Amino acid sequence: MSEQTSNQLSWPFREAERVAARLKEKGKTSALFETGYGPSGLPHIGTFGEVARTSWVRRAFTEMTGLPSRLLAFSDDMDALRKIPDNVPNKDMLKAFLGKPLTQVPDPFGTHDSFGAHNNARLRAFLDSFGFEYEFASSSDYYLSGKFDDALLHVLANHDQIIEIIRPTLGPERRATYSPILPIHPRTGIVMQVPIERADVATGSVIWVDPDSGTRFETAVTGGAAKLQWKADWAMRWYALDVDYEMSGKDLIDSVKLSSAIVRALGAEPPVCLTYELFLDENGQKISKSKGNGLSVEQWLTYAPPESLAQFMFHAPQRAKKLFFDVIPRAADDYINGVVGAREATDPHANPAWHIHGGNIPVDAGSPIGFTMLLNLASVINADSPEMLWGFIRAYLPNANAQTYPFLGQLIQYAIAYNRDFIAPNKIFRDATALERVGLQDLAARLAAGFADYPGETPAEQIQNMVYAVGKAHQFAPLKAWFDCLYQVLLGQMEGPRFGGFVALYGVERTISLIETALARETQAA
RNA sequence: GAGCCUGUAGCUCAGUGGUAGAGCAUUCGACUUUUAAUCGAAUGGCCGUGGGUUCGACCCCCACCGGGCUCACCA
């Protein structure tokens with residue numbers, strides 16, 4: 001990487017530089033990237049964004065340093081079940097397990113050993129569906145297997161100091177009871193938020209009193225008998241695993257600061273952290289799983305390929321962006337243009353497509369036709385099958401089909417869906433005038449009777465001539481008014497395709513029913 | 001109260017120190033037995049305001065104004 005390009009690095013490379021600097025300072029020769037997952041929910045669009053972005057930094061790090069690295073996807077499945085989620089069955093059953101670690105709660109779906117295991121499986125399936133390279137890690141596994149024991153004892157030794165870091169940030173009630181160590185009740189299995197009477201470094205345990213029974217307990221901090229409160233948990237994990245890089249949303253800025261302070265209290269340096277801006281819905285509100293606003297991954301992937309979602313996530317992570325249906329076509333075209341640009345560029349490292357494809361852009365990536373153009377075309381010809389679009393496209397790309405242009409083939413499917421759900425419903429269909437009704441009825445009748453007698457080399461030309469003849473027969477003046485009628489009454493748009501070609505591709509029978517539908521609609525309205 | 005983002009063409013937004021950009025919209029033109037996707041061109045900007053740094057600032061620094069979000073219970 002030359003000096004000249006260093007000031008135009010794309011953000012993953014800038015982040016990778018920071019990671020490389022940290023490793024150099026610490027004398028490390030491999031990097032650990034981490035992404036974390038809260039227990040409350042299923043994978044969502046933010047999950048995709050976080051893993052994709054972290055993967056790009058990791059890829060840039062590899063490109064830049066040649067050093068090995070790992071990406072750990074860490075699930076907080078030891079966290080307590082705090083409330084019953086809305087979107088699960090067997091809610092009554094779950095009530096008895098409130099407050100217990102998720103891996104100790106039965107799976108309400110009945111498909112896995114625990115609710116935690118269920119959520120973990122969903123997360124992994126989600127990540128795998130995009131082909132992310134990562135290692136999965138379960139908090140419960142780490143706690144129970146003793147992998148955190150040394151770090152937990154170190155936390156215990158610094159118990160008072162950690163309390164002093166957190167305490168000023170808490171409200172009065174919580175301030176009185178706060179401890180970073182949450183013992184798990186030996187009888188009920190509930191994660192307890194109780195005052196710690198004494199932190200016994202010698203025995204590696206905490207003394208606490210059950211507020212319900214008044215019973216005093218001594219609980220080891222190791223081996224999964226206790227867990228840590230969230231901010232301390234994050235810090236301990238950074239410390240125990242020596243995490244080098246982790247990103248998080250701006251809603252966690254304060255948590256990052258506090259966790260970093262705790263890590264320093266433990267005598268280590270926090271990882272390189274990146275704060276990204278949140279995703280907003282069309283009203284500028286934070287996208288929230290519980291509110292269900294904004295756009296889901298499934299919805300996005302109904303209307304555009306995964307690469308376009310990656311493109312959206314690539315651009316300016318530190319800038320807030322509205323995440324709604326309107327942004328999809330542009331993201332798709334930005335990606336397509338990026339593929340072209342990356343192929344032409346002498347240094348492709350700044351190009352999103354380079355990152356999206358992990359440095360190796362497939363030969364059949366990209367498309368000779370942009371997504372917006374496909375949407376226009378789909379709208380104009382009212383396309384509801386891929387073959388209709390291919391038919392028009394072949395006028396310009398004679399050999400085009402789903403085999404020769406596989407990515408274009410995908411885009412066509414997406415364009416049809418987008419047109420069906422967002423463009424077609426908003427079309428304005430004008431009512432036919434009395435003269436136009438007669439003309440349309442005549443056209444439907446002639447279509448049904450066949451058009452072999454009309455001049456023309458192809459069916460499309462024959463139909464075109466027939467349509468022309470109908471317009472003349474009913475004395476439309478100017479003749480353009482007849483075609484305006486066809487587009488505005490039948491297709492709901494001001495202008496449209498050459499009608500003969502449209503009918504040939506759309507189908508005679510379906511065109512007839514299109515006419516019948518239009519005429520029936522007016523009868524109903526009247 | 002603390003923090004983050006943001007202000008650039010009519011709209012949505014790119015643009016990290018060297019002559020202000022794209023898409024859409026608008027207008028005109030080309031192509032087509034009438035009509036479309038398309039193609040070509042034009043129009044359109046005190047880059048929020050005021051200072052500072054610099055040979056040079058949309059860009060860096062400071063202040064102010066406007067728009068918006070997040071956190072202050074849990075994670």
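In this text, all values refer to a predicted model and were calculated from it rather than measured experimentally. Each chain gets a letter, A, B and so on, in the order its sequence line appears, and its residues count up from 1.
- Between B:G40 and B:G50, the two P atoms lie 39 Å apart (nearest whole Å).
- Side-chain atoms of A:R498 stay outside donor-acceptor range of the base of B:U33, with no qualifying N/O pair under 3.5 Å.
- A:D484 places its CG atom 12 Å from the C1' atom of B:A36, with the value rounded to the nearest Å.
- Separating the P atom of B:C65 from that of B:C46 is a span of 24 Å, rounded to the nearest Å.
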task = Any chance you could lay out the side-chain contact (heavy atoms from CB on, under 4.5 Å) test for A:L94 and A:K91, step after step, and finish with the verdict?
result = CA-CA 5 Å; A:L94 286 177; A:K91 292 190 181 62; 5.5 Å; no

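- Side-chain rings of A:Y143 and A:F148 approach one another, their centers coming within less than 6.0 Å.
- Between A:F451 and A:Y454, the distance separating the two ring centers is not shorter than 6.0 angstrom.
- Annotation: cation-pi geometry satisfied between A:R510 and A:Y506 (NZ/CZ under 6.0 angstrom from ring centroid, within 45° of ring axis).
- With distances taken from any side-chain atom of A:I253 to the nucleotides B:C39, B:U70, B:C4, the minimum falls on B:C4.
- Separation of the P atoms belonging to B:G23 and B:G18 is 23 Å when rounded to the nearest angstrom.
- Aromatic ring pairs are classed by plane angle as parallel below 30°, tilted from 30° to 60° and perpendicular above 60°; the pair A:F422 and A:F325 is tilted.
- A:L252 comes within 4.0 angstrom of a nucleotide base, judged by non-hydrogen atoms across all strands.
- B:G45 and B:U54 have their C1' atoms separated by 25 Å, given to the nearest Å.
- The CG atom of A:L491 sits 10 Å away from the C1' atom of B:A36 (whole-angstrom rounding).
- Between A:D251 atom CG and B:A2 atom C1' there is a gap of 15 Å when expressed in whole angstrom units.
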ask   = Which nucleotides of nucleotides 5-15 of chain B have their base under 4.0 Å from a protein heavy atom (B), which only their sugar-phosphate (S), and which neither (-), written as one string 5' to 3'?
value = SS-----BSS-

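- If you take CG of A:L228 and P of B:A75, they are 11 Å apart, rounded to a whole angstrom.
- When only modelled atom types and interatomic distance are considered, A:N399 and A:T404 share no side-chain donor-acceptor pair under 3.5 Å.
- Under the 6.0 Å cut-off for aromatic ring centres, A:H355 and A:F13 qualify, their centroids lying closer than that.
- B:G52 and B:A9 are spaced 26 Å apart, taking the P atom of each and rounding to whole Å.
- Distance A:L278 CG to B:G68 C1': 12 Å, rounded to the nearest Å.
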message = Let's test your reading of the pairing rules: Watson-Crick or G-U wobble, both distances under 3.5 Å, then write RNA chain B as a dot-bracket string with ( ), [ ], | and dots.
response = (((((((..((((....[..)))).(((((.......))))).....(((((..]....))))))))))))....

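- A side-chain contact (heavy atoms from CB on, under 4.5 Å) with A:M236 is found for exactly one of A:I162, A:V263, A:V155, namely A:V155.
- Comparing B:C28 with B:G21, their C1' atoms sit 23 Å apart, to the nearest whole Å.
- Considering only side-chain N and O atoms, A:N376 lies under 4.0 angstrom from the phosphate OP1 or OP2 of B:U38.
- A:F314 has its ring centre less than 6.0 Å from the ring centre of A:W11.
- Atom C1' of B:U19 sits at a distance of 12 Å from the matching atom of B:G56, rounded to the whole Å.
- Using a 4.0 Å heavy-atom cutoff across all strands shown, A:E173 reaches no nucleic acid atom at all.
- Looking at heavy-atom distances under 4.0 Å, A:Y468 makes contact with a base.
- In the model, A:H474 has a side-chain atom that pairs as donor or acceptor with a side-chain atom of A:D442 under 3.5 Å.
- A:Y178 places its OH atom 12 Å from the C1' atom of B:A75, with the value rounded to the nearest Å.
- Taking for each of A:V380 and A:R174 the nucleotide of RNA chain B with the nearest heavy atom, the 5'-most of the two is the partner of A:V380.
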